[in-house]
Amino acid sequence: MHSRIALISDDSDFFEYIVQKLVLRKSDELFCLNFNDLPENLDILSTSVLVINSENAKSQTAEIVSLLKSSPVIVFAYNQDEEYKINLLKNGALAFITPLTSDDELQAQIISALHKLSVLQKNKQYREILVAKNLITTNNEVFLDYNTILDKELEKINETSASAVLAAISPNDKTKFLIQPNQIETIILNNIRKNDVLMSFAVNKYFLILYDTDIDGANKIWAKISAQIPEKIYAGFVKIFSKTREQLVNEALNKLHEAINYEKVYTSIKSTESSMRGNFKLFKQEFNKKIEQIINPVFYHVMQKYNGRLYGVTLEHETAEGLSILEIKGRYASAAFKITSPGFTRINIDITYMSSANNIDAKRISLNPDELEEGLLEDLVEQFIMEFKEEVRNA
């Protein structure tokens, strides 16, 4: 495979030292650049694995790592500075090596960096195709790990007492697959500011942090955004203030599904509610239909997605009369997501986490029968899984 490696240093001895350790082929390209040469060679920097000699150039190296996040960077230093190393790796450097690094390990790091470069270049090609088709913008940036990003942003918000709103965004179940991939995020990104943060939650579902605004301001921003999206889309807003990530996510999702359910037509249900109040058989049929058409398929999908991916635990599903339960069973902890319908006039979701007989956390969500729809259940079960992982991590 064709390789492109750029060595960066102001020390000619470094070039000689590294070149001897590289296993290059005739088709491979090698560039030796001084730090002063970099502004004129941006094309090389963005399409190569970079090996930077940071000796006497720590600030310049850190700047390159920060600016060229799309280029795999291996930093070389004559001395092992742990704090400097950790900061570089946090900011995007792929590896940190010294003269004590073996030749085999150096080669392994180079191969890993070249593989990463290949993936990044393919992604760049795909992105260029999507830009040409107006499916994404050139500066499209949506964060995938919303848990990590939310924690980071909440820490910043709590430290500075900044005014901010968290939005949960989604189409309803009928329209979520009618919208093209990236279409929602492209329109959102074109209408928010640089410091606002967009995070992916599921297919065509997002969390959005809007800074320097309140709920009224967020609604005005959303009115402008949603008017540009061809299908109906909904948003629920929560003010960010002294709340945990779990609280904010749950509240935002609840607000989102309130917005989705608000437009449902309840007239026929309400007009017959009094006549149906004592009709046990009819309510029972409706709940059993939800178990068959909504609850069981969602539980099955989650089991297919997570079984084997959650280390040391298994997912089990049990259904009985008026009951459907999804259980997570591990060696040191377990959890249950139980759906029941007492009297078949309400739907209760009881969520419990247990790490010992004396350490049990439980909560209940109570819904009207018509409120339990696929999108809401998917979100609640995903949160159930995430919260279990947090419970295990903190145990």
Side-chain angles (χ1 to χ4, degrees), residues 3-24 28-121 123-124 141 143-145 147-160 194-195 197 393:
S3 303
R4 201 174 195 188
I5 302 172
L7 308 179
I8 303 171
S9 178
D10 288 333
D11 180 3
S12 58
D13 291 338
F14 167 75
F15 298 136
E16 186 176 351
Y17 173 81
I18 291 295
V19 169
Q20 290 176 354
K21 295 178 176 294
L22 297 176
V23 180
L24 298 176
D28 296 335
E29 291 182 276
L30 182 67
F31 302 88
C32 297
L33 304 172
N34 295 321
F35 282 98
N36 291 335
D37 297 332
L38 301 187
E40 292 80 30
N41 291 279
L42 291 178
D43 180 62
I44 293 174
L45 299 179
S46 63
T47 55
S48 304
V49 168
L50 309 181
V51 183
I52 306 175
N53 173 20
S54 68
E55 201 68 25
N56 302 319
K58 286 187 175 182
S59 60
Q60 291 166 294
T61 301
E63 186 177 1
I64 293 170
V65 169
S66 179
L67 290 176
L68 297 174
K69 292 185 181 297
S70 61
S71 298
V73 178
I74 298 172
V75 177
F76 176 90
Y78 290 108
N79 299 302
Q80 182 87 311
D81 183 334
E82 283 300 321
E83 184 178 353
Y84 177 58
K85 172 184 174 181
I86 290 170
N87 285 334
L88 286 174
L89 294 175
K90 279 185 176 179
N91 286 308
L94 187 64
F96 190 96
I97 61 174
T98 71
L100 297 178
T101 303
S102 68
D103 291 354
D104 287 343
E105 185 178 347
L106 172 61
Q107 281 300 321
Q109 297 289 4
I110 293 291
I111 292 170
S112 175
L114 289 169
H115 176 71
K116 181 179 179 182
L117 180 66
S118 175
V119 172
L120 290 170
Q121 288 176 332
N123 287 345
K124 183 179 179 182
E141 186 175 38
F143 294 100
L144 300 178
D145 185 357
N147 283 311
T148 300
I149 299 301
L150 269 176
D151 284 340
K152 178 181 175 183
E153 296 299 317
L154 288 179
E155 183 179 355
K156 181 170 66 177
I157 290 168
N158 291 331
E159 285 179 355
T160 61
K194 287 185 177 179
N195 62 329
V197 181
R393 188 179 297 121

Distance, nearest 0.5 Å, that separates [atom1] of [X] from [atom2] of [Y]:
{"X": "L42", "Y": "T47", "atom1": "CG", "atom2": "OG1", "answer": "10.5 Å"}
{"X": "L117", "Y": "H115", "atom1": "CG", "atom2": "NE2", "answer": "11.0 Å"}
{"X": "E55", "Y": "D11", "atom1": "CD", "atom2": "CG", "answer": "9.0 Å"}
{"X": "I44", "Y": "I5", "atom1": "CD1", "atom2": "CD1", "answer": "13.5 Å"}
{"X": "S54", "Y": "I74", "atom1": "OG", "atom2": "CD1", "answer": "13.0 Å"}
{"X": "I52", "Y": "S9", "atom1": "CD1", "atom2": "OG", "answer": "10.0 Å"}

Flag, side chain of [X] to backbone of [Y], donor-acceptor distance under 3.5 Å:
{"X": "D37", "Y": "L33", "value": "no"}
{"X": "T101", "Y": "L106", "value": "no"}
{"X": "S46", "Y": "D43", "value": "yes"}
{"X": "Q107", "Y": "K21", "value": "yes"}

With a 4.5 Å heavy-atom cut-off, do [X] and [Y] have their side chains touching?
{"X": "T148", "Y": "F143", "value": "no"}
{"X": "L45", "Y": "I8", "value": "yes"}
{"X": "Y17", "Y": "D13", "value": "no"}
{"X": "Q60", "Y": "L38", "value": "no"}
{"X": "N53", "Y": "Y78", "value": "yes"}

**Request:** Decide yes or no on side chain to side chain contact (heavy atoms under 4.5 Å, CB included) for L88 and V73, but give the supporting numbers first.
**Result:** CA-CA 10 Å; L88 286 174; V73 178; over 6 Å; no
Nearest non-hydrogen partners of [X] and [Y], listed with the distance:
{"X": "S71", "Y": "L50", "result": "CB-CD1, 4.1 Å"}
{"X": "P72", "Y": "S48", "result": "CD-O, 4.0 Å"}
{"X": "T61", "Y": "F35", "result": "OG1-CZ, 4.1 Å"}
{"X": "T98", "Y": "F76", "result": "C-CE1, 3.8 Å"}

**Request:** List the steps and the verdict of side chain to side chain contact (heavy atoms under 4.5 Å, CB included) for V49 and K116.
**Result:** CA-CA 9 Å; V49 168; K116 181 179 179 182; over 6 Å; no
**Request:** May I have the step-by-step check of salt bridge (Lys or Arg N to Asp or Glu O under 4.0 Å) for K156 and E153, ending in yes or no?
**Result:** CA-CA 5 Å; K156 181 170 66 177; E153 296 299 317; 3.2 Å; yes
**Item:** Verdict with supporting geometry, D10 and N56, side chain to side chain contact (heavy atoms under 4.5 Å, CB included)
**Value:** CA-CA 9 Å; D10 288 333; N56 302 319; over 6 Å; no
**Asked** Should the heavy atoms of other residues, nucleotides or ligands under 6.0 Å from CD of E83 be counted, would the total exceed 12?
**Response**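 For E83, atom CD is not crowded (no more than 12 foreign heavy atoms under 6.0 Å).
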**Prompt:** Is the CD atom of E82 crowded by more than 12 outside heavy atoms at less than 6.0 Å?
**Reply:**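 Enclosed.
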**Request:** With side chain to side chain contact (heavy atoms under 4.5 Å, CB included) as the test, would you mind laying out the steps for V51 and I110 before giving the verdict?
**Result:** CA-CA 9 Å; V51 183; I110 293 291; 4.0 Å; yes
